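Remember, it's a predicted structure, so these values are computed and weren't measured experimentally. Every chain is numbered from 1 and lettered A, B, ... according to where its sequence line falls, protein lines coming before strand lines.
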Amino acid sequence: MPELPEVETTLRGLEPHLLGHSINDVVVRNAALRWPIPPEVFQASGRTVARCRRRAKYLLIDLDAQTGEKRCGLIIHLGMSGSLRICSAGDTPRKHDHFDLVLDNGHCVRFNDPRRFGALLWRSGPALNHQLLRELGPEPLSNDFSGELLRQRARGRKGAVKNFIMDGRIVVGVGNIYASEALFMAGIHPSRPAGRISAARYDALAAAIRDVLSRAIRSGGTTLRDYLNSAGKPGYFAQELLVYEREGKPCFQCGAAIRRKVIGQRSSYYCPSCQR
DNA sequence: CTTTACGCCTGACGGC
DNA sequence: TGCCGTCAGGCGTAAA
């Protein structure tokens, strides 16, 4: 699925179509997403989009509220296989097109998600106070994120560092692909206990996380299976992946065969000689 | 507190 | 051709 770069790419594509426009209607064809789409989302009808932003892998569409009314908006998550694209309001829905935000300009934002792990939620009150967002760690591309922070939070932890950096309470947005990539770039073995990594190596890891995520955003994200951006086009970062899904192929640094290992029920890829 | 396993879904693929 | 098992980019929840 969409990890942080894919969500960010989607946001950037949608924003010009949404900002300042009114949502005329919300069309729900299948409410059975990860959580049932709540009827409150229909309150979006007739409201203007005041702001589009991303927190972790959540897309936040903030709507204008009437005077004296609480702030409100929509929260969208793409799950494992979700995508949002701009369509003409009259386009025939395809399989797995579960909902539309119909805009005032003849376009709509259409959500497609074969596996239905995604979500559309309504929020009233500040978005960042929402239960799903409240406990999240820092954004990896912000100044709140650093190797020092990782080192502190890892103190005493015995679990694998790969699971540690994929824990959204530590740092958000690092999914299965970019976790493997960043650990390779930093030369750290994915199974190494998080509490047994030096401050210097955590600095390298934080830098690698920033670097891989920002490069992936520049390439429009990684398309391995489902991901498409808001214009229905794939991202191109897959061709820059160093270890992910390269089991048995030679390491680009040393030539050793890349290995795959299941850590925390997820496939992890690493170079047994470059990563310690 | 940390850590682990599971399940929500569909679809693609490989083996028989 | 079909059937079955496995796997897939997330993440909340329960339980250890």
Side-chain angles (χ1 to χ4, degrees), chain A residues 1-10 29-37 54-59 75-84 94-98 111-121 130-137 140 150 152-183 190-196 209 212-213 216-217 219-229 234-247 260-269:
Chain A
M1 130 144 203
E3 299 188 31
L4 185 147
E6 294 72 40
V7 179
E8 181 68 25
T9 302
T10 298
R29 287 183 209 82
N30 182 0
L33 301 187
R34 167 151 204 181
W35 296 283
I37 297 177
R54 177 188 60 72
R55 172 72 176 116
K57 296 172 193 167
Y58 295 92
L59 285 164
I75 299 175
I76 299 173
H77 198 289
L78 302 179
M80 287 264 265
S81 58
S83 60
L84 285 165
R94 305 176 193 183
K95 195 171 189 185
H96 307 306
D97 279 345
H98 303 310
F111 178 80
N112 184 283
D113 184 10
R115 292 172 72 181
R116 289 193 277 117
F117 289 170
L120 171 65
L121 299 170
H130 191 279
Q131 191 58 45
L132 291 171
L133 306 184
R134 198 180 306 178
E135 315 266 312
L136 293 176
L150 289 179
Q152 299 228 335
R153 301 283 264 116
R155 195 153 292 166
R157 285 199 178 227
K158 297 186 169 139
V161 62
K162 173 158 182 279
N163 294 338
F164 173 70
I165 60 171
M166 289 179 66
D167 182 340
R169 291 163 303 184
I170 304 300
V171 57
V172 301
V174 182
N176 202 38
I177 297 177
Y178 301 114
S180 281
E181 293 296 306
L183 287 165
S191 298
R192 176 169 281 274
R196 301 205 41 245
I209 289 171
V212 72
L213 293 177
I217 290 170
S219 300
T222 301
T223 298
L224 291 179
R225 292 167 191 87
D226 306 301
Y227 174 72
L228 297 173
N229 68 22
Y236 296 102
F237 196 69
Q239 50 205 70
E240 293 183 52
L241 295 175
L242 302 174
V243 289
Y244 193 80
E245 285 195 342
R246 294 196 63 247
E247 183 179 17
R260 182 177 84 97
K261 181 184 183 191
V262 175
I263 302 173
Q265 287 84 243
R266 312 296 297 276
S267 287
S268 308
Y269 297 85

**Report entry** Test ring-ring contact (aromatic ring centres under 6.0 Å, His included) applied to A:Phe164 - qualifying residues, sequence neighbours left out
**Finding:** none
Query - Intra- and inter-strand pairs of DNA chain B in dot-bracket (Watson-Crick or G-U wobble, both distances under 3.5 Å; | for another strand) - result: .|||||||.|||||||
Query raised in the report: NA contact type, A:Arg153, heavy-atom cut-off 4.0 Å: base, sugar-phosphate, or nothing?
Result: nothing
Query raised in the report: Taking only N and O in the side chain of A:Ser267, is any of them less than 4.0 Å away from OP1 or OP2 of C:dC7?
Result: no
Enumerate the protein-to-nucleotides 13-16 of chain C contacts in which both atoms are nitrogen or oxygen and the separation is below 3.5 Å.
none

Report summary line: Taken to the nearest whole Å, CZ/A:Arg196 to P/B:dT2 is 19 Å
Query - Short side-chain N/O contact to C:dC11 OP1/OP2 from A:Lys57, under 4.0 Å - result: yes
Report task. For A:Tyr58 and C:dG10, give me the distance from atom OH to atom P, rounded to whole Å. Result -> 12 Å
Query raised in the report: If the P atom of B:dC9 is compared with that of C:dC3, how far apart are they to the nearest Å?
Result: 23 Å
Query raised in the report: How long is the line joining CE of A:Met166 and C1' of C:dG12, in whole Å?
Result: 14 Å
Report task. Under 4.0 Å between any heavy atoms, over every strand shown, what does A:Tyr244 touch: base, sugar-phosphate, or nothing? Just pick one. Result -> sugar-phosphate
Report task. Report the residues that fulfil side-chain hydrogen bond (donor to acceptor under 3.5 Å, both in side chains) with A:Lys261, sequence neighbours left out, ordered by chain and then residue number. Result -> A:Ser191
**Report entry** Any residue meeting salt bridge (charged side-chain N to carboxylate O under 4.0 Å, His left out) with A:Arg169, in chain and number order, not counting sequence neighbours
**Finding:** A:Asp167
Query raised in the report: Any side-chain N or O of A:Arg157 under 4.0 Å from OP1/OP2 of B:dT4?
Result: no
Query raised in the report: Nearest-Å distance, CG (A:Asp167) to C1' (B:dT4)?
Result: 13 Å
Requested in this report: May I ask you to say what A:Asp226 touches in the nucleic acid, namely base, sugar-phosphate or nothing, with a heavy-atom cut-off under 4.0 Å?
Outcome: base
Requested in this report: List for me each residue that meets salt bridge (charged side-chain N to carboxylate O under 4.0 Å, His left out) alongside A:Arg192, sequence neighbours excluded, and say none if there are none.
Outcome: none
Requested in this report: Identify, with sequence neighbours excluded, every residue that meets side-chain hydrogen bond (donor to acceptor under 3.5 Å, both in side chains) alongside A:Tyr269.
Outcome: none
Query raised in the report: Does A:Thr9 reach the side chain of A:Phe237, with side-chain heavy atoms less than 4.5 Å apart?
Result: no
Query raised in the report: If the sugar-phosphate is the primed atoms plus P, OP1 and OP2 and the base is the rest, what is the B/S/- string for nucleotides 7-14 of chain B, using protein heavy atoms under 4.0 Å?
Result: BBBBS---
Query raised in the report: By side-chain hydrogen bond (donor to acceptor under 3.5 Å, both in side chains), which residues pair with A:Asn229, not counting sequence neighbours?
Result: none
**Report entry** Contacts of A:Glu247 that satisfy side-chain hydrogen bond (donor to acceptor under 3.5 Å, both in side chains) - sequence neighbours left out
**Finding:** none
Query raised in the report: Looking at A:Pro234 and A:Leu228, what are the two nearest heavy atoms and their distance?
Result: N-CD2, 3.8 Å
Report summary line: Between A:Pro2 and A:Ser81 the two heavy atoms that sit nearest each other are CD-N, 4.4 Å
**Report entry** Side chain of A:Asn163 (C-beta onward), nearest among B:dT4, C:dA8, B:dT3
**Finding:** B:dT4
**Report entry** With A:Tyr58 via ring-ring contact (aromatic ring centres under 6.0 Å, His included) - residues at least two apart
**Finding:** A:His77
**Report entry** A:His77 side chain near C:dC11 phosphate (N/O to OP1/OP2, under 4.0 Å)
**Finding:** yes
Report summary line: side chain to side chain contact (heavy atoms under 4.5 Å, CB included) filter on A:Ala179, not counting sequence neighbours, yields A:Lys162, A:Ile165, A:Met166, A:Val174
